[in-house]
Structure formats: structure tokens, C-alpha cells
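Everything below concerns the one structure shown next.
Order of the sequence lines sets the chain letters (A, B, ...), proteins ahead of strands, with each chain counted from 1.
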Amino acid sequence: MNPLLTYSNVTKQFGSLQALKDVSLTIEPGHIVGLLGPNGSGKTTLLKIACGLLKPSSGTVSVCGLPVGPQSKLRVSYLPDKNYLSEWMKVSQIIDLFHDFYSNFDRNKAYEMLGRLDISPKQKLKTLSKGTREKVQLILVMSRSADLYLLDEPIGGVDPAARDYILRTILTNYNEQGSILISTHLISDVEKVLDQIIFLKNGLVALQSSVDDVRAQYQKSVDELFREVFQC
Amino acid sequence: MTWHFDNDRPIYTQLLEQILFLIISGQYPPGSKLPSVRELASEASVNPNTMQRALTELERMGLVYSQRTSGRFVTEDEAMIQRMKDSMGKDKILALFKDMEQLGYDADQTMELIHKITRR
């Protein structure tokens, strides 16, 4: 199988700060991968490069064998870690916007998920709580039938009950030839859903492994290993 | 059924044990069809690849078999299920003796206590 996402010797420099240092990574189809690292380790930068929001200072990235560009963007569904939707819009208007924007957006799926989470499509974004806004953003992203989902902190502001629903939504909605890359601090919540993990430390890949290999090798969960590796 | 996972062991082995328990206890009777990998993974909130690995292992042990088009089934070999049941029972008793030993009971004292309780 051809890799879905490949980073080859990727370095990203912000002025004097080196955010990514010679990162080489491959992600195969059919996996849910956790991108784990402390604040400022380069997680968001790594994701932004794969969806074309940032250009690497050196090195190359390819998605489904394509260089990052207009063609690869159709194959990638990206959830940023910030609010980027217009506050004055109603949820239904945003759904229309996504429908216009992305040919692989499934409007029915979006409405179905909104219904399950009791979110009214008539509400304006600015009247929604932080957690509900995050849910809406995730619904939009997961309603696209993409090959690669890049989710930057998808469950940070969401309560534990909704977190379970969201994780199950992620599990049941991604296509089996696709992959999901999730960056998060809430490792213990997502650990069971992941099958692979990447530890990012100061812009370097410290570890890439399967979750069960970590557990077999260290007799501890990924969450416990993380706390040990990144102890302050 | 709620799924529970310990931190210090691989998830797939724990899935395997819990499905094995469902088979032994008759919740998945001999010859019955198992839910799909996706359904089981979603029910246990685990990665489908991890669930797949547990089922492949059960298949290798001979407890489930797959039919290419119609899915996975529990074995019809009831003797084999009985053997697994005996083996799981034995493990539980050994674990009990080990716990009792840590409390300061030797095997005879544990047996004595068991008799006392069950005779009531």
C-alpha cells in the first residue's frame, strides 16, 4: 500500500526558532494515529504543513502521493485548533458554506450528527458555548469524505460524555482506506481509539510505535509513558 | 456489557479475554454469528485494527472461524469451549490462592475457609 502521508526531512524555521527539525514520518492508510507532545513541541506546525497552511523551510511532504497543493487539499479534512468560522453565521449557513466549498461534503451526515448532539441548526455561532462550537467544527470536518483527517485538539473543550460520542463518531465515520491524525493532550481519553502514536519532542520525532507495542514493551499505558518521557 | 481495560497490558489481549468470556459464558453461543469488527470496535470504543487483531488471535486459537462472505462465527466445538472454560476457571482459582497467600493463608487454610463458607 502507498503511504497516505509522507514527511521527508522536514524542517520548519520561524525566525531563530526551529519548530521542526529534520522530521521524517510515514502514515499508512487505515490508521488512527495520535500526535502527542507537550506544548510547543511542533504538533500544530506539523499538521499545518500537511494541509498547506505552512510551507516547510526545507524537506518535502506528500499526501496520497501528491505534493501539497490544490489537488491534495480535496483529500485532506483539517480541524484547526482555533475558531475560524464567522460568529454571525447560523449553523445551517455554515453547513451550506461547506457544501459549496467541498465536493465531498455530506450534508445529511452533518445534520444527523447535529441531531444526535442536540445542536439546533438555527442557532448562531456566537450564541453557542465553547464546547458546542468545537462540536460543530468537528461535525463539519468529519462530514467530509476525505482520505486524511487532521484533527488538532478535537476534544479539548468538550465534556466527557460528549467526548465519548465524538470519539465514537470518529471511529464510525472515517473510511477504512483513510487515516486520522489526532493531536491531543488528553491521551488517556483517546488511547483506546488510537492504534499508533507519535511522540514529538522539541520538533523531533522521539517515538513512533503502535499503542499495544508500547504497552507490551513498557507494561504501561501510552499516557503513563508520556508523563515519564516528558516529565517537567 | 461494559468493557474494561488495564493500563499495563496491550489492549488487544484484553479484548481477546473479554470476547472469550462472552463465548464461555454463553452470551455468544456455539455456532452464533459475531458482530462485525466495526460494530465490536465501536461498542468497546477501541480502534478497529486492535479489535481485528483480537479476533484474528481467537481465530488462530480455533474459537471463532470466518466465512468469507457471511462473517465470523463462534466455533460449534462445545468440547473446546468447555476446555477454555476449565482453563479460565483454573486461572481464577490460582489467582485466588495467590491473593490468599498474600493475606497469610496457606493452601490448606484457604480450602478450610472455602469449606466453611460453602457448607453454610
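With rounding to the nearest 0.5 Å, the separation of CG in B:Asp6 from CZ in A:Arg215 is 8.5 Å. Here the CD1-CD distance, from B:Ile11 to A:Glu191, works out to 5.5 Å after rounding to the nearest 0.5 Å. A distance of 10.5 Å separates CZ of B:Arg53 from CG of A:Asp195, quoted to the nearest 0.5 Å.
Not one N or O on the side chain of B:Asn49 forms a donor-acceptor pair closer than 3.5 Å with the backbone of A:His31. With A:Asp212 contributing its side chain and B:Tyr12 its backbone, the two residues share a donor-acceptor pair below 3.5 Å.
When heavy atoms are compared at a cutoff of 4.5 Å, A:Val211 approaches chain B solely by way of its side chain, counted from C-beta outward. Of the two parts of B:Ser42, the backbone and the side chain both hold a non-hydrogen atom closer than 4.5 Å to a non-hydrogen atom of chain A. Within the 4.5 angstrom heavy-atom criterion, only side-chain atoms of B:Phe5, from C-beta onward, approach chain A.
Around NZ of A:Lys109, the count of heavy atoms belonging to other residues, nucleotides or ligands within 6.0 Å exceeds 12. Within a 6.0 Å sphere centred on CZ of A:Arg116, heavy atoms belonging to other residues, nucleotides or ligands number 12 at most. Summarising the local packing, CD of B:Gln109 is surrounded by more than 12 heavy atoms from other residues, nucleotides or ligands at distances under 6.0 Å. Other residues, nucleotides and ligands contribute over 12 non-hydrogen atoms within 6.0 Å of the OH atom of A:Tyr111. Other residues, nucleotides and ligands contribute only 12 or fewer heavy atoms inside 6.0 Å of the CD atom of A:Gln71. Around CD of B:Glu59, the count of heavy atoms belonging to other residues, nucleotides or ligands within 6.0 Å exceeds 12.
By the 4.5 Å heavy-atom criterion applied to side chains, A:Leu171 and B:Arg38 are not counted as neighbours. Looking only at side-chain heavy atoms (C-beta outward), B:Gln14 and A:Lys192 stay at 4.5 Å or farther from each other.
Between A:Val193 and B:Asn47 the shortest heavy-atom distance is O-ND2, 2.7 Å.
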